[in-house]
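Here's the structure we're looking at; comments come further down.
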Amino acid sequence: MGFPTVTSTRERAVTEQAQAVASTTRLIAATLDELMNSSDRGDALREAGIAALEAALLIATASDRARQDRSGGQEAIRLAREALASARAAVVATTCAVRALHSAGRHDAAPPVPPS
């Protein structure tokens with residue numbers, strides 16, 4: 001019995017990292033599924049959160065596919081583009097929410113208009 005080789009140590013670290021990524025991906029997927037099936041989709045901040053989770057899930061999946069296919073597979077590219085679209089949707093929804101909250105805050109802070 002000898003010392004572990006650098007290769008076996010590296011392989012073990014890669015395997016552990018892949019397992020952690022897979023576990024995180026499953027958690028994100030379950031959370032996303034629950035939100036999409038139970039949330040009021042009319043709220044811009046919730047929609048932004050859903051889009052952000054979707055982007056995170058797509059990024060993790062694209063990364064996993066790219067790792068599996070070292071030739072830069074088309075599937076990884078497609079998933080990365082979808083992740084980008086989801087991230088953009090999250091930004092747009094968050095922007096809408098900020099504007100709506102800001103507008104509501106101004107409306108709430110305005111002095112009452114006396115009856116004429």
Side-chain angles (χ1 to χ4, degrees):
M1 197 148 49
F3 292 102
T5 63
V6 173
T7 303
S8 67
T9 303
R10 187 175 301 137
E11 287 172 355
R12 190 174 322 120
V14 168
T15 300
E16 288 172 0
Q17 182 183 14
Q19 290 171 343
V21 168
S23 177
T24 302
T25 301
R26 285 190 302 273
L27 178 63
I28 294 170
T31 303
L32 180 61
D33 185 54
E34 185 176 323
L35 284 172
M36 290 183 78
N37 292 321
S38 65
S39 290
D40 172 16
R41 298 292 298 264
D43 178 17
L45 282 176
R46 284 188 191 185
E47 191 64 29
I50 289 170
L53 278 174
E54 185 177 54
L57 179 59
L58 287 164
I59 289 167
T61 305
S63 176
D64 187 48
R65 294 282 160 72
R67 213 178 3 263
Q68 291 172 4
D69 183 8
R70 294 286 182 192
S71 66
Q74 293 299 309
E75 180 69 6
I77 293 169
R78 184 188 65 76
L79 289 166
R81 286 182 177 147
E82 286 184 27
L84 182 58
S86 291
R88 287 177 176 151
V91 169
V92 169
T94 303
T95 302
C96 291
V98 167
R99 289 180 178 160
L101 290 169
H102 182 71
S103 178
R106 282 194 319 218
H107 183 329
D108 292 343
V113 177
S116 27

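Values below: all heavy atoms of this structure, side chains included; hydrogens, waters and symmetry mates excluded.
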- Would you find more than 12 non-hydrogen atoms of other residues, nucleotides or ligands less than 6.0 Å from Arg67 atom CZ? yes
Just verifying a value: how many Å separate [X] [atom1] and [Y] [atom2], rounded to the nearest 0.5 Å?
X: Gln74; Y: Asp69; atom1: CD; atom2: CG; answer: 9.0 Å
X: Glu34; Y: Leu53; atom1: CD; atom2: CG; answer: 11.0 Å
X: Leu27; Y: Leu32; atom1: CG; atom2: CG; answer: 11.0 Å
X: Arg65; Y: Leu58; atom1: CZ; atom2: CG; answer: 10.5 Å

- Mind running side chain to side chain contact (heavy atoms under 4.5 Å, CB included) on Thr95 and Arg99 for me, showing each step along the way? CA-CA 6 Å; Thr95 302; Arg99 289 180 178 160; 3.7 Å; yes
- Query: For Leu45, which fellow cluster members are found when Ile, Leu, Val, Met, Phe, Trp and Tyr are connected by side-chain heavy-atom distances below 4.5 angstrom, either directly or through intermediates?
  - Reply: Leu101
- Query: Honestly curious: do Ile59 and Leu79 fall in one hydrophobic cluster under the side-chain, below-4.5 Å linking rule?
  - Reply: no
- Side-chain donor/acceptor of Asn37 to backbone N/O of Asp33, under 3.5 Å: yes
If you look only at distance, which donor and acceptor atoms sit under 3.5 Å apart when one is on a side chain in residues 15-26 and the other is two or more places apart or in another chain?
residue, atom, partner, partner atom, Å
Thr15, OG1, Glu11, O, 2.9
Thr24, OG1, Ala20, O, 2.9
Thr25, OG1, Val21, O, 2.8

I'd like a table of donor-acceptor pairs (distance under 3.5 Å, sequence neighbours excluded) in which one partner is a side-chain atom from residues 83-93, with atom names and distances.
residue, atom, partner, partner atom, Å
Ser86, OG, Glu54, OE1, 2.9
Ser86, OG, Glu82, O, 3.3

- Message: In the structure I gave you, are the side-chain heavy atoms of Arg46 and Leu35 within less than 4.5 Å of one another anywhere?
- Response: no
